[in-house]
Amino acid sequence: MAYDYAKYLRPGKLPHIWCAGCTYGIVLKSMIRAIDSLNYDKNDVVVTSGIGCCSRLPGYVDFNTLHTTHGRSIAFATGVKVANPKLKVIALGGDGDMTAIGGNHFIHACRRNIDITVFVFNNNIYGMTGAQYSPTTPKGAWATTAPYGMTENNFDITSLAIGAGASFVARTTAYHATHCEKMIKEALEHKGLSVVEIINACPTGFGRKNKFKTPTSMLLWMKDSAVNVEKAKNMSPEELAGKFTIGVLHKEEKPEYLETYDATVGLKK
Amino acid sequence: MAYDYAKYLRPGKLPHIWCAGCTYGIVLKSMIRAIDSLNYDKNDVVVTSGIGCCSRLPGYVDFNTLHTTHGRSIAFATGVKVANPKLKVIALGGDGDMTAIGGNHFIHACRRNIDITVFVFNNNIYGMTGAQYSPTTPKGAWATTAPYGMTENNFDITSLAIGAGASFVARTTAYHATHCEKMIKEALEHKGLSVVEIINACPTGFGRKNKFKTPTSMLLWMKDSAVNVEKAKNMSPEELAGKFTIGVLHKEEKPEYLETYDATVGLKK
Amino acid sequence: MARVDIRLGGSGGQGTITAAAILGYAAVYAGKNAVQTKSYGPEARGGAARGEVVISDEEINYVKVIKSDVLVALTQEACDKFIEDAKEGSVVIVDSMMVKDLPKGNFKLYALPIIKTAAEDIGKSMVANIVTLGVVNEITKLLDYDKLEKGVLSKVPKGTEELNKKALKAGVDLVKNMK
Amino acid sequence: MARVDIRLGGSGGQGTITAAAILGYAAVYAGKNAVQTKSYGPEARGGAARGEVVISDEEINYVKVIKSDVLVALTQEACDKFIEDAKEGSVVIVDSMMVKDLPKGNFKLYALPIIKTAAEDIGKSMVANIVTLGVVNEITKLLDYDKLEKGVLSKVPKGTEELNKKALKAGVDLVKNMK
Amino acid sequence: MAKAERIEINKKWCKGCEICVELCPTNALEMVDFKVAVKDLEKCIACMQCELRCPDFAIVVYKKEKE
Amino acid sequence: MAKAERIEINKKWCKGCEICVELCPTNALEMVDFKVAVKDLEKCIACMQCELRCPDFAIVVYKKEKE
Amino acid sequence: MAKKLEFMMGNHAVAEGALYAGCKFYGGYPITPSTEVAERMAERLPKVGGRFIQMEDEIAAMASVIGASLAGVKSLTATSGPGLSLKQENIGYAMLCEIPVVIVDVMRGGPSTGMPTGPSQSDIMQAKWGTHGDHPVIAVTPASVQEQFNETVRAFNLAEKYRCPVYVLTDAIIGQMMEQLEIPEPGELEVIERPKPDCKPEEYLPFDMDKEFVPLAAFGSGYRYHVTGLHHNSDGFPTNDPVLHTKNTVRLIERINKNYDDIMKVEEFMTDDAEVLVFAIGVSARSAKHAVIEARNQGIKAGLLRPLTIWPFPDKHIDNILNKGNVKGIVVPEMNLGQMTLEVQRVAKGRCQVEGLFSLMLDPILPGEIVEKIRRFV
Amino acid sequence: MAKKLEFMMGNHAVAEGALYAGCKFYGGYPITPSTEVAERMAERLPKVGGRFIQMEDEIAAMASVIGASLAGVKSLTATSGPGLSLKQENIGYAMLCEIPVVIVDVMRGGPSTGMPTGPSQSDIMQAKWGTHGDHPVIAVTPASVQEQFNETVRAFNLAEKYRCPVYVLTDAIIGQMMEQLEIPEPGELEVIERPKPDCKPEEYLPFDMDKEFVPLAAFGSGYRYHVTGLHHNSDGFPTNDPVLHTKNTVRLIERINKNYDDIMKVEEFMTDDAEVLVFAIGVSARSAKHAVIEARNQGIKAGLLRPLTIWPFPDKHIDNILNKGNVKGIVVPEMNLGQMTLEVQRVAKGRCQVEGLFSLMLDPILPGEIVEKIRRFV
Ligand SMILES: Cc1ncc(C[n+]2csc(CCOP(=O)(O)OP(=O)(O)O)c2C)c(N)n1
Ligand SMILES: Cc1ncc(C[n+]2csc(CCOP(=O)(O)OP(=O)(O)O)c2C)c(N)n1
Ligand code: SF4
Ligand code: SF4
Ligand code: SF4
Ligand code: SF4
Ligand code: SF4
Ligand code: SF4
Ligand SMILES: [Mg+2]
Ligand SMILES: [Mg+2]
C-alpha cells in the first residue's frame, strides 16, 4: 500500500523549496513514517530548526514548528522542553547549523541529557548559502571558501556527541530510507538526549563540484560506503577504509535532565 | 636551589588578585617552570585568556598577553596563530570560560588540530562571578544558581576534547605541581592542538560551601582522587569509583591545520 | 547612447544572471557604462531569478531596471510577471517553447525557440543564456558582435569556448532567419 | 530624623556590606527610610570593600554616601582612603588593632578593639561586623537596641543567633566600658 | 507480470531529479520533458524503491491487491 | 638537623592560606597574625613542598649547599 | 505600612516582581551585576512550580526564554552589557516573531568587559538599536527597589499586551542596593494574563497582519502553527513579497507608537511652571530630584521629567512641555557619554537649549553638579 | 581608460580593495549577501602570502581578526545583519582596545533572518550603537563598485590611523551588482602602513592616555604588553580608577571627533544654492542624484549631500549648509523605517523641515518618489 503522507504534511506547501535531487525530501518522508508509527498526538510534537536548507523542513510538517536563528535550534528547543516537559521536542539542523555555529548548544544538550531528539542532517556543506565548507566537508573537497580544496580536519559528529555525553547516538543515511526511519523511531523512543546523524546529499552545492554527476550517484555512494555497525565489528581497518558505520553507535542509561531537576529542587507542580 | 620565577613575572604585579588558598597561583608556577625548561624566546610566546578568575593569569606573565572576552580565548588565539604561525600560542581559561560559553571554540580548535596549546583550569565553578554552577560542577554540589544542589550532568572535558578531535589530551591537578609542569611541557611540545585539563581549587566559591573547610583539604582531595592513567589500567571499576585519572590520556599523529592549509593552497610566502 | 534597460527573466539555473553579467561586461569593454543587478528568493537557488543590466553612455544613477527597453522571458512565469513593466514600443523576446501564452500589448514581440536551439542545435540546454545574448544583440544592435563574443569568451568556463561561440552565433541566426 | 550617612570600610570578607544591610534593614523596620549600597573591585571578592547606608525619615534621593556622618574603618587602607570624606564633627570609629596610624582632624574619634573582641571574646573574627554594629548604634543611638537586635537575628545564618547576639552586645559594651 | 496496479506521478511536484528512474531495478520508468513518466507498467515489480526515495512526494506506486 | 639555610617569607604577598603550614611534613611552619612564619628551621628537611605549593610566591626555601 | 515590608536588593526585587507577574521560567547566564536576579529565581521558581535553567551562554539563554514563551510560559532573562550584546540577534527574533519575554539589563561600565562592578547607563541606545533591522522596542526604567518590582510587573504586562520583548533597563546601583520594598498583595497590581485564541485552530492566523493584536497560542494547546525569523505572512510562513513585509514591519512598530499613551509612563515633578527641565532616568533621576528641590530652594523654577518608559522615547511629553513656551533649557544627566541627550536634542528641535551632563564616575551624578548646570540656563 | 578595467561584483571589489590596502588575513563566517567577499579572499589571499579562515561562527570570526591584527596583520571580516549582531561584543572589545580591523556589513532586510537576499540600509544605527557602552565608531558608505574598492582602502587607512575598527557599511544591491572598476596602480591610492613604535620596549605604553595615538606593536615584535577588555591604564593593565577610565573613554571618542575633517568625506552635488537638500548614502544616494537632476530640470533648486562617512555623523557639513539659510527642507531617503532621518533632525535643530522617505521594498527608492518629496518643500 502506498503510504499516505498527507496527514502530516501541511496542505499547499509542496513542491518544497529544495533542489531537484536534494535528499532532504527522502528523509522527511522517513521522519514522517517514524513519527506516525509512534502515534503521537500532533499537538504534542514540536519541531525546531535553525537556518539552512535543512532547516526549512519544519515548515512542511503539521506540528508546532519553530524555524529559529542560525545554529540555535537546540537552544530554543531547550526552552520549550523545560517550560513544558510533556511536549515531544525534536530539534533538527544541518551540519553547519548544528556543528559549526550551533556546536555549543549541541554539546551542552548532549551533556545535560535533556529529553530532546536531535537530527543532524549532514550534507558536508553549507547548502543554503551556496556551498561554503562546513566542519564535515571532506579534506580536499571543493567548496566556494575552499577553492584549493578543504584544508580542515572534520568532526565525526557521532564521536563529538558521545564525547559530550549524549545517551543515544546513531547514524543513518538518506539512501537507507527504512533504516533511517528505524533510527529516527528509536531515537524518539529513547528517554534522554538522542542524536541521529543523517548523511544527506546536496547535489547542487556539493555533488556537482565534487565529481558526483547526478543525485543518484550520491545516493549510491551512501549505499556503498555505509557499513552496519554490527557488521563493522568483524571488519578489519583496511576493509573499513573509506567507509562509515550506520546503526546505533552508542546507547546508555543516564539520568535525564528534567527528571533530575524536578526531583532535586522538589518542584511543586 | 629555590626556583626564581622573577624572569617570567611582570614586575610590580604581585600580590595577585586571587583569593587566599586559590590554587591558580600553584599552577601558574608550574606553567612558568615548564615554559622555562623549553627555553622559548619570551617575545614569541602569546598567552590568551577569556574572562574569569583564571583568565587574569596572563596579566602576570611577561609574554605577549591577551585577556579577551568571556569564552573567546581560543578564537582570538586562532587569529593570532594563523596570522603568524611562528608564534607559540597558549590559550587558557576556566571551566566556564572554555567549556560553557566558549565550548564551541574549544571543540572547533580540537577539530582543526591547529597548533595551539589549551589549558582548561577546572575548579568546578564560576569563581569570578560568585559561585554559579559550571558544566563541571558535580551533581548535587551547591552553587548559588543550584541552591538545591547541581542538577545537570557534567562534561568530562578530556572526553569532549577527544570526541572533537584533539590530538593531545592530558589531565593533571594543582596538587601534582611537578606532574602538572610535565603535562604542560609535553603539551607545549606537541605539534597540533593539545589540551590539558588542570583540576584546580576555588576555596572561596566552591570549597567553603561544599564541605571543604580549608584550601589544603581541597588539595588533599586532589591527591587522594587522582590516579595515574597507567596505574588505572590495572584497576577495577570499583577501585576507580570516585577517582579520576591523570596523565596523558590521548595522543595521536594527525595533520596540523596550518601545515595542511599552507600546503593545500600553495601559500606564497 | 541613452540608457537602455534590459531584463532577463527565467528560473534559477537558466543562467539569466550570468547572461546579464556578460552583456554588462561586454558593454564596459566597449567603453560604455553598465550595471548588472539580480534578484532571487531567499533560497539563493531554484525558483524565479532575473538578471538585469542597464547600459548607457551616461552616468547610471538608478541601478535597477524599472521599465524595460528589452525584456527576455524564458519561462511563462517570468513573462507574466514582467510584461507589464515593458515600456511602450519596447522589445519583448520570449522562448517559444516555454511561453505558450503569448503576451499582448504595444511592443515588438519575438517568440523564438531559444531553449530548443540550445538543447538541440548546440546540444546543451545550459547555453540557452548565451543563445539569448545572441538574440538580444542581433535585435538591438547594442554592441559590436566582436566585442560581445569577446565578452562571452572571457566569462565562460575554460574548455567551453567553442560551444559558447556556437551558441552566440545560433542566437544571432535565430533572428536573422526570422527575417 | 534628618539624613544620616554611614560608611563602613574594610576589606572583602570582613562583612562590612552585610553590616550595612542589617543596619538598613533594622532602620526600615523601625519605620525609617534606608538605602544600602556597596562598592568593590571587579573581582567581586577580596580587595577593598565598603558598605554604606543612608538612614532618614525623609525621601532618600541621593542614594550613596558622599560625606559620612559615621565612618567605620576596619583597615588602615580604608581609614586612609575615607577619612577625608568624614564630615566636620562627625563620628569616626576605627579598629584599634588594624589602624595603627590614627587619623587626625575635626571629628569624634573612637579607636576600639573591634576585631580583637570578635576574635577573642566571641571567638569568631567573622562577627567583627556585628560587633561594629553594636558600637555604631551605641555611639549614635540611631535605633532602639531591640530593633537592631531583631534585625541582626533575622539576617544571620541559622544556628548563629546566640553568637551574633553576644557580638552585638559586646560592641555595645565596648563603647560603654570606654566611658 | 505487472505487480503494480498503477503508478501515480505528480508532475507539478516532480523536479526531474531522475533518482526514481535510475534506481528502478526493472527500468520501468523514463524521463520525458524533464519529468518522470512510466515507460512500462508491466515491468514494474512494485519494489517501491522509486516511491521510497523520491524526495518530492511525486511518485506513488499502487500495488495490486493480492488475489 | 636543618637542611635549609633559610626560609624567606614575603609577608606582603602571603595571604595566610595555611597551605604551606598544613602540607609541611615536619611541622616546621606556623601561622602568626594570619601570615606564615617559620616555627623551627631545624625541623625543615628542605622537601620544598611549601615552596612548590604556595600559590602566592610567598615562601622560598634555600637549601644548604652540599658540603 | 502593615503590609509585607522587606528590605531587599534591587535585583531580588526584579525576581520577586517577575514571580508576582506569573513568571514561571528563567533562562540565563551569570554576569555581574545582574546575577542576583538569576540566583533568586533559581531558588524561588521551583516553589511556585516554575523552572530555572542556566544555559551555556547568553545566546542560548535568550533562545530558551523565547522557546519557553512559545510553550505558553511567561519568561525572564537578565544580563548586563556583554551579555546583552550577545543576546541581540535573538532579541531581534523575538521582536519580529512577536514573542513576549522580559529582558533585564543591569547596566555596568562599558564598552567591552569594561568595569564589571561599576554602574552606568550606557546601554540605553543599544537597547533601541542593538539588533539589526527595523524593530519596535519597549524599555522601562526603574529608579528604586520598589520600582524594580513594580516596573518588572509592568514590563510583563506590556510584553503580553503588545506581544513583544520588553526591557527592564536598570543599573548596577539600583540593582545592587537595598531599600524598602512593599510586596503588593495578589490582585493589588494589575497582572495581564496571556489571552488564548478564541477561533478554531484551522482559522488561527498567529501573525495576522490585519489585526493589531492576535493572541499567541501555546505550543501544545492544539493550535499548530509555524514560527520563522524570515519575513512571514499572516499564517506564519515565509514570504518574499516586499509589500507584505513592509506592511508587517510597519505594523509592529506602529503598534507600539499608536499606544504611546498606554505604554508611556513619565513622572513629572514641578514641571508646571518650570523654566529649566531636568530629564533623567534611574539612579540619575534620583540625583536629579534632589537637584530640582535644591534649585527650587535657590529660587530657580526647575522641574524634573522622569520617564519610566524610555523606549519608545517620550517625544510627546517633551513636546507638550516645550509647547508651553516656559522652558529655556533642558539638562540631561546620564551615566554615559551622551545618549538620551541626543534624543532630547532631536525632539527639542531648537526650541530650547539641551545640555547633557555626562559621567562615567561610577557613583551617581552629584546633585550639586546638576544644580550647577541648571543655573547656567537662568 | 587605459588601466586595468574590470566589470566586477561589488563584494569582489571590497576584497580587491582590501588586498590593495595590504590585508593579509580574512576571518569570517558565510552569510548572504556578503559571502562573495569571503569567497574572493579565500581564493586570492594565498597568492599574496595571506591566509583565509572560515571560523565556526561570527563571534569567532570577529575574535580572529582582532587576534590577527594584534599579530601585526591587516585583517578583514565581512558579514550581514544577523552576523553583525553576533559580532557586537567583540567589536566593542576592538574599540576599547584600539585594534584596527575592517568590518564589512552588507545590509540585508531585517530584523532577524528577515529577508536574506533583500537589500536594505537598516543597520546604520546598529553600526553606531550595537555594542554596549560608550565607544567611538567610524563607518564608510560606498555607493558604487568603484567606491567599494576605494572606500575599503580608505577604511583600512582610517583603521590604522585612528587605531580602531572601521565599518564598510554597504548593501545587498551595491554588494551584489556588477559595474566597472578601474583597479588603481600600486601607489595610486594612499595606503597607510601600520607604524611601529620607536621607543624601547621597556618604555612602550601601548594605550598611553596622554597621547592621541600610539603605534600598535605586533605580538612577536619584541614589545611584550598586555591587552584587556577591562578598563585599563596606559600600560594596558586593568584599573578601577574611574578618573582614568573616564579619561581614556573620552580620549577614544574625542580622537575621532577631533579629526572630523580628516575622517569625514561628503560629496556635495549642487548644494551651493540649494533650497531643498537630499541627504542619502549608498544605493539610495544614486537614486537621489537622479532625483536632484530631475528636480533641477523642473526648476527646483535641489542639492544632494552624500556622506561617504556616515559615522561620525556629518553634523558640521549639515550645519554649514543650514547656516547659509537657503535650505527649507531636507529629504532623507533610506531603505529602512527611519534611522539617519533621526540624526538629521537632531542636527537640524528646527532650522528647516526634515522628512524621511522610507522604503523596505528591496529595490532602490524610485527617483520619482524623491522628486515628489522634494516638491513638497517648495
Ligand atoms: C548568524 C547567521 N550567520 C550566518 C547565516 C547564513 N547561513 C544561513 S544557512 C547557513 C549554513 C547552512 O548550512 P547547513 O546548516 O549545513 O544547512 P544546509 O543548507 O546545508 O542544509 C549559513 C551560514 C545566518 N543565517 N545567520
Ligand atoms: C559575555 C559574558 N557573559 C558573562 C560574563 C560574566 N562572567 C565573567 S567570568 C564568568 C565565569 C568564570 O568562570 P570560569 O571560567 O570557570 O573561571 P573562574 O572564575 O572559575 O576561574 C562569567 C560568567 C562575562 N564577563 N561576559
Ligand atoms: S542547495 Fe543543496 S542542500 Fe540546499 S536544497 Fe539544494 S541540494 Fe538541497
Ligand atoms: S573566587 Fe575562587 S577561583 Fe576566584 S580567585 Fe577566589 S578562590 Fe580563586
Ligand atoms: S516500484 Fe520498483 S519496479 Fe516499480 S517503478 Fe518503482 S522502482 Fe521500478
Ligand atoms: S524521484 Fe521524484 S522528483 Fe525525482 S524524477 Fe522521480 S518522481 Fe521526479
Ligand atoms: S621545605 Fe618542606 S620541611 Fe621545610 S618548611 Fe617547607 S614543607 Fe616544611
Ligand atoms: S602557602 Fe603561601 S600564601 Fe599560603 S600561608 Fe603559606 S606562604 Fe602564605
Ligand atoms: Mg549542510
Ligand atoms: Mg571555574
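A note on names: the letters A, B, ... follow the listed sequences, proteins ahead of strands, and every chain is numbered from 1. Hydrogens, waters and symmetry mates are skipped; everything else that's a heavy atom, side chains included, is used.
Contact of Val354(G) with chain H is not made at all, since no heavy-atom distance falls under 4.5 Å. Using a 4.5 Å cut-off between heavy atoms, Leu252(G) does not touch chain H at all. Contacts between Met361(G) and chain H at a heavy-atom distance below 4.5 Å involve backbone atoms as well as side-chain atoms. Looking at Ser120(G), there are no atoms closer than 4.5 Å to chain H (heavy atoms on both sides), in backbone or side chain. Neither the backbone nor the side chain of Thr228(H) comes within contact range of chain G, judged by heavy atoms closer than 4.5 Å. Contact of Ser80(G) with chain H is not made at all, since no heavy-atom distance falls under 4.5 Å. Contact of Val243(H) with chain G is made through backbone and side chain together, with heavy-atom distances under 4.5 Å. Contacts between Ile91(G) and chain H at a heavy-atom distance below 4.5 Å are absent for every atom of the residue. Contact of Leu342(H) with chain G is made through backbone and side chain together, with heavy-atom distances under 4.5 Å.
By the 6.0 Å contact criterion, CD on Gln353(G) is open, its count of non-hydrogen atoms from other residues, nucleotides or ligands being 12 or less.
Thr141(G) places no side-chain N or O within donor-acceptor distance of the main-chain N or O of Gly282(G), the cut-off being under 3.5 Å. Panel note: side chain Ser234(H), backbone Met209(H); a donor-acceptor pair is recorded below 3.5 Å.
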Could you go through the side-chain contact (heavy atoms from CB on, under 4.5 Å) check for Asn248(H) and His232(H) one step at a time?
CA-CA 8 Å; Asn248(H) 195 41; His232(H) 42 258; 3.9 Å; yes
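Taking non-hydrogen atoms and a 4.5 Å limit, the residue list of residues 345-352 of chain H in contact with chain G, ordered by number, reads Gln345(H), Arg346(H), Lys349(H), Gly350(H).
Shown here are the ring pair (Phe, Tyr, Trp, His ring centres under 6.0 Å) partners of His135(G), two or more places apart in sequence or in another chain: there are none.
Side chains of Asp134(H) and Gln339(G): a donor-acceptor N/O pair is present below 3.5 angstrom, by distance only.
Contact between Asn240(G) and Leu362(H) at its shortest, heavy atoms only, is O-CD1, 4.3 Å.
A cation-pi contact links Arg163(G) to Phe207(G), judged by a cut-off of 6.0 Å to the six-membered ring centre and 45° from its axis.
In terms of non-hydrogen atom pairs under 4.5 Å with chain G, the most contact-rich of Gly109(H), Pro111(H), Pro242(H) is Pro111(H). Of the listed residues (Ser359(H), Pro82(H), Gly92(H)), the one with the most heavy-atom contacts under 4.5 Å to chain G is Pro82(H).
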